[in-house]
Every structure is written in C-alpha cells, then in structure tokens.
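I have placed the structure first, in the form of structure tokens, so that the comments after it can refer back to it.
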Amino acid sequence: MSASRDPLRPQSSIVTDGPDRAFSRSMLRAVGFTDQDFAKPVVGIASTWSMVTPCNMHIDQLARDAGAGADAAGGKSVIFGTITVSDGISMGTLGMRYSLVSREIIADSVETVSAAEGFDAVVAIGGCDKNIPGCVMALARLNRPSVFVYGGTILPGIHPQTGKECDIVSVFEAVAQHNAGELDGPGLHAVEVCSIPGAGSCGGMYTANTMASAIEALGMSLPNSSTQLAVGPEKREDCRRAGAAALALLKAGIRPRDILTRKAFENSIAVVIALGGSTNSVLHLLAIAHEAGARLSIDDFSRIGRRVPVLADLKPSGKYGVAHLVRIGGLPPLMKMLLDRGLIHGDCLTVTGRTVAENLRGVKPYPAGQDVIRPFSDPIKRDSHLRILRGNLAPGGAVAKITGKEGLRFSGRAIVFESEEAALKAIMGNRVKAGHVVVIRNEGPVGGPGMREMLSPTSAIVGKGLGKDVALITDGRFSGGSHGFVVGHITPEAAVGGPIAVVANGDPVAIDAVANTIDLGLAPREMRARLKAWRPRKPRASRGALAKYARLVTSASEGAVTDRNLFG
C-alpha cells in the first residue's frame with residue numbers, strides 16, 4: 001500500500017510514495033528526480049513559451065527562473081508547456097476565430113497536466129491576451145496553491161525618421177493611412193520595421209497589459225508583476241520570487257479561491273477602469289469569476305464604474321505606453337491611490353500571504369511632475385470608460401469603450417456586414433461614410449465561431465480619419481488596441497436570433513454612453529415581425545475545435561465559457 005499523505009505534498013505523495021509507486025518514481029528519475037526530490041513538494045511551472053509571437057518568445061527563460069525559485073525554497077519544480085496563439089498576427093483572418101477558443105484550451109491543458117501529474121502547487125507564466133486569463137481560469141479550477149506571473153511588456157519602437165514611439169496599433173493604422181494615400185510604401189515599411197523591437201506583450205494598455213494588471217489587483221500575482229518590462233533583471237527576479245511564493249502558500253494553506261472573492265473582483269474592476277483598460281477584461285474577469293465560484297455579472301462593471309474615474313493617459317486612446325508607467329513606479333502607487341480614496345478593498349488576501357493594504361503599506365507616490373497617471377482632481381474621465389449598454393438592440397447587454405474623446409452619444413444609419421472581411425473591404429473601399437454605424441454580425445461566440453476581435457476595421461476607420469464620425473457595433477469583440485466609438489459583445493448574438501440579426505441597411509441606430517443605451521429605431525411591431533421571420537444560418541464549423549466550442553459556449557455576457565451544455 002502507498003504511504004500516508006504528506007500535508008505539504010497532498011497531491012504528489014499519492015503519485016510517488018510507497019513501494020507500489022516505484023514505476024512512477026522510475027519514470028520521474030529519467031526527467032531529473034533524485035531520491036531527495038521525492039520528499040519535496042512538487043511545483044508545476046506552466047510555461048506559455050513559443051516562437052509564435054514576441055509576447056511569449058522569452059518565457060522559456062522565465063519558466064526556468066520560476067523553477068529555480070521553487071527549488072531554492074525547498075520544492076521540486078517541473079516545467080510543462082501549453083499553447084498560445086497570436087492575436088496580432090492572425091487579426092483580420094479566419095485564424096482569429098481560434099483566439100478566444102485558445103483561452104479554453106489553455107485553461108483545460110493547465111488543469112489537465114497539473115491534476116494528472118499530482119502537482120502540489122502551480123506557477124503559471126503568461127504573456128499574451130488569452131493565455132493570461134486562461135492560466136488563471138485553470139488555477140481557479142484546480143484550487144491548489146498558485147501564483148501567476150506576467151511575462152512583461154515590450155519596449156516601444158522608435159520611428160527612424162520622426163523619433164516617435166510606435167507599437168502594433170501604429171502598424172494597423174498605418175495600413176489604413178497607406179490605403180488612403182496619406183503614407184507611401186517606404187513610409188509603411190518604416191513603421192512595420194520599427195514597431196515591434198523584441199520580446200514582450202503589446203505596449204499599450206491593450207488586453208495583455210490590462211489583464212496582467214487585473215490579475216495583480218485580484219491578488220494572484222506578486223506586487224508589480226504586471227508592470228515590468230519583459231526583458232530585464234526585475235522580471236527574472238519576479239519569477240524566482242513567484243516560485244518561492246508558491247511554496248509559502250502551500251505551507252500556509254492558502255488557495256486561489258481564498259483570494260478570488262467577490263471583493264477581489266471588485267478591486268480588479270476598479271483598477272481596470274482607472275487604467276482605461278480593454279473591453280476584453282469584462283469577458284475574461286467574468287470567466288475567471290465563473291471558475292472561482294465568485295458572484296460577478298456585467299452589471300457590476302456599471303455599478304463600480306459610476307464611482308471610479310479613468311486616471312491613466314495610456315494608449316490606445318491616451319498618450320503613453322505601459323513602459324512609461326513602468327518607469328514611474330508601475331501599478332502599486334495607483335492601487336495605493338485607489339485604496340486611500342476608498343475605491344478598493346484593503347482586506348483582500350493576496351499571494352504574498354498578506355492583504356492588499358499590507359502589500360501597499362509604504363508604497364511611495366508617483367514622482368512629482370509625471371502625467372502618465374492623473375490626480376483625482378484632473379481625471380481623463382470622471383467615471384468609467386467601460387459602458388455596459390442595454391436596449392432593444394442588446395437586451396442581454398453590450399460593452400462599449402468610451403473615453404469621452406469620441407463623444408458620449410452617436411446616432412446614425414446602419415451599414416450592415418455579415419463578416420469582418422466584408423466590413424474591412426467596404427471601409428478600405430470608401431463605402432463607409434461619416435454618419436454610418438457599421439454593423440458587423442455573425443462574429444459572436446457561436447456565430448464566428450470564436451468571437452473575433454475587430455482591430456482591423458476599427459484601425460481602418462481611425463486611419464481613414466473617421467474615428468469621430470463613424471460608429472462600429474458588433475456581436476464580436478475588440479482588441480485592447482481598438483479605440484473610437486465602438487460597441488461589442490452585443491447579446492444575444494446574431495447566430496442565436498438576437499436583434500442584431502435583423503438590422504437592415506439604413507436603419508437608425510442610437511448609442512448613448514451616458515444613459516447606457518443602444519437602440520434600433522424601429523417600432524416594436526416591426527422588430528417583432530423581423531425577428532419572427534428570421535432563420536438561423538448554417539453553422540460555419542461542423543467539426544473540430546471551433547464546432548465543439550460553438551456547441552458549448554455561453555454568451556459573451558456570461559464570459560463565453562464552455563460549459564453551456566455540460567449538464568443537460
């Protein structure tokens with residue numbers, strides 16, 4: 001019989017202890033275990049390394065650093081891999097349908113390996129839009145002592161002629177400028193070549209940096225993990241400390257669901273709003289809360305947003321990249337500002353074993369004269385830029401990102417497209433004019449399937465100089481790099497018969513980011529008649545990962561998690 005379970009090795013002792021587990025030990029010796037290692041807690045290091053994208057190209061070294069930290073603290077680390085896909089590369093193609101799907105695959109794979117191999121604790125390292133929330137979803141499911149580490153932000157590129165900072169969104173907008181005749185071929189090439197100088201996640205407060213900050217605010221990362229450069233000694237030390245922290249959490253008996261409480265999610269939402277973060281944070285925080293068993297809904301974003309201002313002047317709508325935030329002290333001083341103002345809960349537990357307030361004790365304010373983070377007396381916007389809209393066009397809710405620079409209301413006439421490609425072709429072909437509301441449908445979780453991001457059309461609209469004159473609404477979603485008068489996550493989506501399915505060219509559409517409404521200007525009788533006549537389209541995917549996702553996925557307003565039909 002196996003030996004009794006070791007309290008510091010609650011999972012690995014089942015796998016390795018006792019004469020009847022000799023075969024397990026024999027296999028593990030081949031991957032580096034010694035006699036002494038079998039008495040140590042096993043810490044899984046989930047690495048999202050790949051050469052698919054610059055966001056993750058350096059994470060192999062960070063995984064080794066996290067493993068070294070766990071080993072030095074008395075554990076035995078085991079590094080394992082999971083997938084990543086690049087939104088920035090696949091954007092605007094059919095491959096983008098796999099992006100949100102990959103979040104579920106990542107969560108499933110981290111859960112599967114960790115549970116199958118009996119890891120006592122886990123460190124997960126993510127560096128791109130979907131592997132960041134995917135990793136934390138898995139940690140919440142496993143509920144074993146865990147720490148998340150962010151791979152870090154990229155340095156900005158510098159344009160060789162103008163000296164201006166560039167990033168991936170600069171390239172998307174340059175494409176539209178080239179199409180409009182405002183930028184010649186060599187000019188486009190110059191932007192393309194300089195904008196991505198090396199490793200790290202896209203450099204504005206786009207989805208990766210937003211979610212890294214959100215997870216630190218949740219308490220699942222060590223302080224300032226979310227605002228460090230990808231390449232440098234600080235990030236490598238962050239990884240080593242995370243490895244040691246996983247052992248400390250194991251000894252203290254602290255698990256993710258002790259940290260991932262409703263109050264922690266309220267903290268996270270407040271931080272995302274103050275940073276002017278991505279609309280994708282709504283989708284991902286709902287999904288993480290679902291896995292943690294914490295009560296959270298899209299209406300919580302509205303409730304918290306009424307009292308939390310936007311303070312960060314960060315891209316895409318602002319002036320600075322996240323590297324500038326790193327230089328002035330990162331996220332902790334902002335969290336301290338919010339705590340002192342009573343806008344976040346100080347008593348929430350974190351992976352340090354201490355509370356938020358204890359972590360922030362002694363944090364110094366930002367240096368005088370900086371304008372990356374505004375004071376409360378001079379915010380970018382006095383309430384949230386993330387608007388949860390409802391109306392006859394989105395009875396289940398929709399998500400808008402309105403900083404106020406685009407205006408707060410928009411009324412126009414619909415111009416309808418059944419796919420992102422069709423809309424982009426029309427924008428680049430000058431068919432979209434001032435006063436249009438571009439409607440892109442059948443791009444939701446079911447209809448896509450996969451809920452593609454619309455960075456290409458939103459960047460094209462801005463690049464064409466129509467950012468304040470054209471709105472775009474979709475049952476798909478937006479990149480964190482999107483800006484302008486845009487509304488996504490329209491629920492119910494077109495593929496399941498939501499009202500967006502029956503919008504016709506020329507229909508009046510009104511969007512109000514003060515009243516938080518989005519309405520189609522039709523009489524109720526006409527709306528009912530159109531919905532009654534609607535018939536579903538043939539599914540775009542009949543087999544494989546996309547088809548399975550479409551059958552299982554919930555609505556965007558529920559986080560687009562894949563357990564809709566699991567229990568009948």
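This structure is a prediction, so every number in the text was calculated from the model and none was measured.
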Tell me every residue that passes ring pair (Phe, Tyr, Trp, His ring centres under 6.0 Å) with Phe485, counting only those two or more places apart in sequence or in another chain. Phe410
Working to the nearest 0.5 angstrom, can you tell me the gap between Leu286 CG and Leu296 CG? 5.0 Å
Could you list the residues that satisfy side-chain contact (heavy atoms from CB on, under 4.5 Å) with Ala208, not counting sequence neighbours? Asp129, Ile132, Tyr150, Ser201
Check this for me: does any side-chain nitrogen of one of Asp108 and Arg141 sit under 4.0 Å from a carboxylate oxygen of the other? yes
Can any side-chain N or O of His58 pair as donor or acceptor with the backbone N or O of Gly151 at less than 3.5 Å? yes
Can you confirm whether Pro457 sits close enough to Val438 that some side-chain heavy atom of one is under 4.5 Å from a side-chain heavy atom of the other? no
Please step through side-chain hydrogen bond (donor to acceptor under 3.5 Å, both in side chains) for the pair Thr82 and Ser109, ending with a clear verdict. CA-CA 7 Å; Thr82 185; Ser109 65; 2.5 Å; yes
Any side-chain heavy atom of Met527 sitting closer than 4.5 Å to one from Leu520? yes
Do Arg390 and Asp299 come within less than 4.5 Å of each other through their side chains, counting heavy atoms only? yes
Please identify each residue that fulfils ring pair (Phe, Tyr, Trp, His ring centres under 6.0 Å) with Phe417, with sequence neighbours left out. none
List the atom of Asn505, the atom of Val416, and the distance in Å for their closest heavy-atom pair. OD1-N, 2.7 Å
Go through the structure and list residues passing side-chain contact (heavy atoms from CB on, under 4.5 Å) with Ala63, not counting sequence neighbours. Ile45, Ser47, Ile79, Ile125
Check for a donor-acceptor pair, side chain of Thr554 on one end and backbone N or O of Val561 on the other, with a separation under 3.5 Å. yes
Test side-chain contact (heavy atoms from CB on, under 4.5 Å) applied to Asn442 - qualifying residues, sequence neighbours left out: Glu418, Ala494, Ala495, Arg537, Arg540
Should Gln11 and Val15 count as side-chain neighbours, where that means a heavy-atom distance under 4.5 Å? no
Hits for ring pair (Phe, Tyr, Trp, His ring centres under 6.0 Å) against Phe119, two or more places apart or cross-chain, chain-then-number order -> Phe80
Check whether any side-chain heavy atom of Thr153 sits under 4.5 Å from a side-chain heavy atom of Thr227, and report yes or no. no
Any Tyr206 side-chain heavy atom under 4.5 Å of Ser278 side chain: no
Would the distance check show the side chain of Ser225 and the main-chain N or O of Leu222 forming a donor-acceptor pair, the cut-off being under 3.5 Å? no
Exercise: do Thr474 and Glu443 side chains pair donor with acceptor under 3.5 Å: no
Qualifying salt bridge (Lys or Arg N to Asp or Glu O under 4.0 Å) pairs with a residue from residues 131-140, counting only residues at least two apart or across chains: none
Taking Ala140's backbone N and O only, do any of them form a donor-acceptor pair with Glu291's side chain (distance below 3.5 Å, no angle check)? no
Shortest non-hydrogen separation from Asp120 to Pro10 and the atoms involved: OD1-N, 3.2 Å
Interatomic distance, Ile273 atom CD1 to Ser384 atom OG [nearest 0.5 angstrom]: 3.5 Å
Which atom of Ala242 lies closest to which atom of Val123, heavy atoms considered: O-CG2, 3.8 Å
Salt bridge (charged side-chain N to carboxylate O under 4.0 Å, His left out) partners of Arg255, counting only residues at least two apart: none
Is a side-chain donor or acceptor of Arg477 paired with a backbone partner of Met451 at a separation under 3.5 angstrom? yes
Heavy atoms from other residues, nucleotides or ligands near OH of Tyr98 exceed 12 (cutoff 6.0 Å): no
Do the non-hydrogen side-chain atoms of Leu62 and Arg236 ever get within less than 4.5 Å of each other? yes
Out of curiosity, Leu188 CG to His178 NE2, how far, rounded to the nearest 0.5 Å? 5.5 Å
Arg441 (side chain) donor-acceptor with Val503 (main chain) under 3.5 angstrom: yes
Is a salt bridge present between Asp87 and Lys130, judged by a nitrogen-to-oxygen distance below 4.0 Å? yes
Tell me every residue that passes salt bridge (charged side-chain N to carboxylate O under 4.0 Å, His left out) with Glu421, counting only those two or more places apart in sequence or in another chain. Arg452
Atom CG in Leu155, atom CD1 in Ile196: separation rounded to 0.5 Å? 11.5 Å
Ser482: side-chain hydrogen bond (donor to acceptor under 3.5 Å, both in side chains) partners, not counting sequence neighbours: Thr458
At what distance, to the nearest 0.5 angstrom, does CG of Leu285 lie from CD1 of Ile298? 13.5 Å
With sequence neighbours left out, the residues meeting salt bridge (charged side-chain N to carboxylate O under 4.0 Å, His left out) with Lys401 are none
Closer than 3.5 angstrom, by distance alone: can the side chain of Ser419 be matched with the main-chain N or O of Ala422 as a donor-acceptor pair? yes
I'd like to know if the side chain of Arg262 and the backbone of Arg295 have a donor-acceptor N/O pair within less than 3.5 Å. yes
Working to the nearest 0.5 angstrom, can you tell me the gap between Asn143 CG and Leu260 CG? 8.5 Å
Give a yes-or-no answer on whether the side chains of Ser281 and Thr210 include a donor-acceptor pair shorter than 3.5 Å. no
Please confirm whether the backbone N or O of Ala214 pairs with a side-chain atom of Ser268, one donor and one acceptor, at under 3.5 Å? yes
Is it the case that the side chain of Asn209 and the backbone of Cys202 share a donor-acceptor pair, with hydrogens and angles ignored and the cut-off at 3.5 Å? yes
Could you name each residue pair satisfying side chain to side chain donor-acceptor pair (under 3.5 Å) that touches residues 487-498, not counting sequence neighbours? Thr491-Ser557
Contact between Lys464 and Val470 at the side-chain level, heavy atoms closer than 4.5 Å - yes or no? no
